[in-house]
Number of protein chains: 2
Amino acid sequence: MFVEVKYKTMLYSSELIKGTLRTIILKLLCDQQKMYGYEITQTVKDLTKGRIQLTEGALYPTLHAMESEGLLTTEVEYIGKRVRKYYSVSKQGKEKAGEKINEFAEFMETMRVLLNLDLGTLKVQ
Amino acid sequence: MFVEVKYKTMLYSSELIKGTLRTIILKLLCDQQKMYGYEITQTVKDLTKGRIQLTEGALYPTLHAMESEGLLTTEVEYIGKRVRKYYSVSKQGKEKAGEKINEFAEFMETMRVLLNLDLGTLKVQ
DNA sequence: TTTGATACCTAAGAGTTTTATGTATGTTTG
DNA sequence: CAAACATACATAAAACTCTTAGGTATCAAA
């Protein structure tokens, strides 16, 4: 009996991920036009080689909040009897996405200087 | 009447800084051997050109926690009648610092890929 | 038919940070 | 020389975000 090991590297101790969830959601939805919650968790898991695994308890309430803030819009679709709720970015959401991504990029640069990191020699497989 | 503007750029919306406080403290103390709380806030402010301003309400409790976890050691000094509490990293703290900094570097690389950021063209003055 | 994957959701609790205080000394400036 | 500002410590309530732990239901595969 064999167990397939999908990802070699560990999850991040999740404290670092705090505060990045909205940015991640906005970025993905800007690129993909339209995604549903479960799809977002899987896409993030794949794109990060399993290093970031969004929990549904964090994701769904955040999606709901972003919708009520006017950043996202929704449309429901039925796959057989199963419900799927697709999210898209509104015009407001696109603006916010730009701000958030820029802010994160600057934050990374600031932290790189502060922690004296050399990203050129960094190896992450 | 003139108001001196020290920093041109804004503070980060602080959610991003969450989860990085311990890493920052450990890194600074590894470099500087010995620092006191207020000094840490000022050093971080200077090194980040005012972009990251640690609040005392977050810093002091964290320093106390790290001490009780055995990551930091303290020694009190008197400057006139004023008390100064110096913190240093323990052997344990040094190990932790390495782990934390590595983890953060990997996290940054993962986020760079996920958000499709090109750090080469990033301009932060 | 049971397990695992898909797909949504909520609520209690944990953890971290902000905001608001409090105390006190030392320095600068009008 | 008094007021304002900087230095230096500290705590506590509230806010915010995420984890953990549950719940419901459909569909596919073993």
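Keep in mind it's a predicted model, so treat the numbers as computed, not measured.
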Using the salt bridge (charged side-chain N to carboxylate O under 4.0 Å, His left out) criterion, which residues pair with B:Lys96? Sequence neighbours excluded. none
Please give, in whole Å, the distance from C:dT6 C1' to A:Asp46 CG? 14 Å
May I ask you to verify if any side-chain N or O of B:Tyr60 is less than 4.0 angstrom from the OP1 or OP2 atom of D:dA10? no
May I ask you to decide whether A:Lys34 forms a salt bridge with A:Glu77, counting only side-chain N to carboxylate O separations under 4.0 Å? yes
Within the structure provided, determine whether A:Leu117 and A:Met111 are in side-chain contact (heavy-atom separation under 4.5 Å). no
For A:Leu59 and D:dT20, what is the distance between atoms CG and P respectively, to the nearest whole Å? 16 Å
If you check the A:Gln42 side chain, which of C:dC8, C:dT6, D:dT11 turns out closest? C:dT6
Contact list for DNA chain C against residues 20-39 of chain A - heavy-atom distance below 4.0 Å: A:Tyr36, A:Gly37, A:Tyr38
5'-most by nearest nucleotide on DNA chain D - B:Ala58 or A:Leu54: B:Ala58
From CG of B:Leu16 across to C1' of D:dT17 the rounded distance in Å is 13 Å
For A:Met66 and D:dC18, what is the distance between atoms CE and P respectively, to the nearest whole Å? 11 Å
Partner set under salt bridge (charged side-chain N to carboxylate O under 4.0 Å, His left out) for A:Glu39, not counting sequence neighbours: none
Taking NZ, NE, NH1 and NH2 as the nitrogens, is one of them in A:Arg22 or A:Glu69 under 4.0 Å from a carboxylate oxygen of the other? yes
Whole angstrom is fine here: how far is it from NZ in A:Lys18 over to C1' in D:dT19? 8 Å
Would you say C:dT10 has OP1 or OP2 under 4.0 Å from some side-chain N or O of A:His64? yes
Minimum heavy-atom separation for B:Leu115 and A:Lys27, please, with both atom names. O-CE, 3.2 Å
Listing, residues 54-64 of chain A side-chain donor-acceptor contacts under 3.5 Å, not counting sequence neighbours, or none:
residue, atom, partner, partner atom, Å
A:Thr62, OG1, A:Ala58, O, 2.8
A:His64, ND1, A:Tyr60, O, 3.3

Length of the line joining B:Ile52:CD1 and C:dT16:C1', which is rounded to integer Å: 16 Å
Heavy-atom nearest pair, A:Phe107 first then B:Leu16, reads CZ-O, 3.4 Å
Considering only heavy atoms, which members of residues 77-85 of chain A lie under 4.0 Å from some atom of DNA chain C? A:Arg82, A:Val83, A:Arg84, A:Lys85
Whole angstrom is fine here: how far is it from CD in B:Glu56 over to P in D:dA10? 10 Å
A:Lys85 meets the salt bridge (charged side-chain N to carboxylate O under 4.0 Å, His left out) criterion, sequence neighbours left out, with none
Check whether any side-chain N or O of B:Thr55 sits under 4.0 Å from OP1 or OP2 of C:dT17, and answer yes or no. no
Taking atom C1' of C:dT17 as reference, at what distance in whole Å does atom CG of B:Leu63 sit? 14 Å
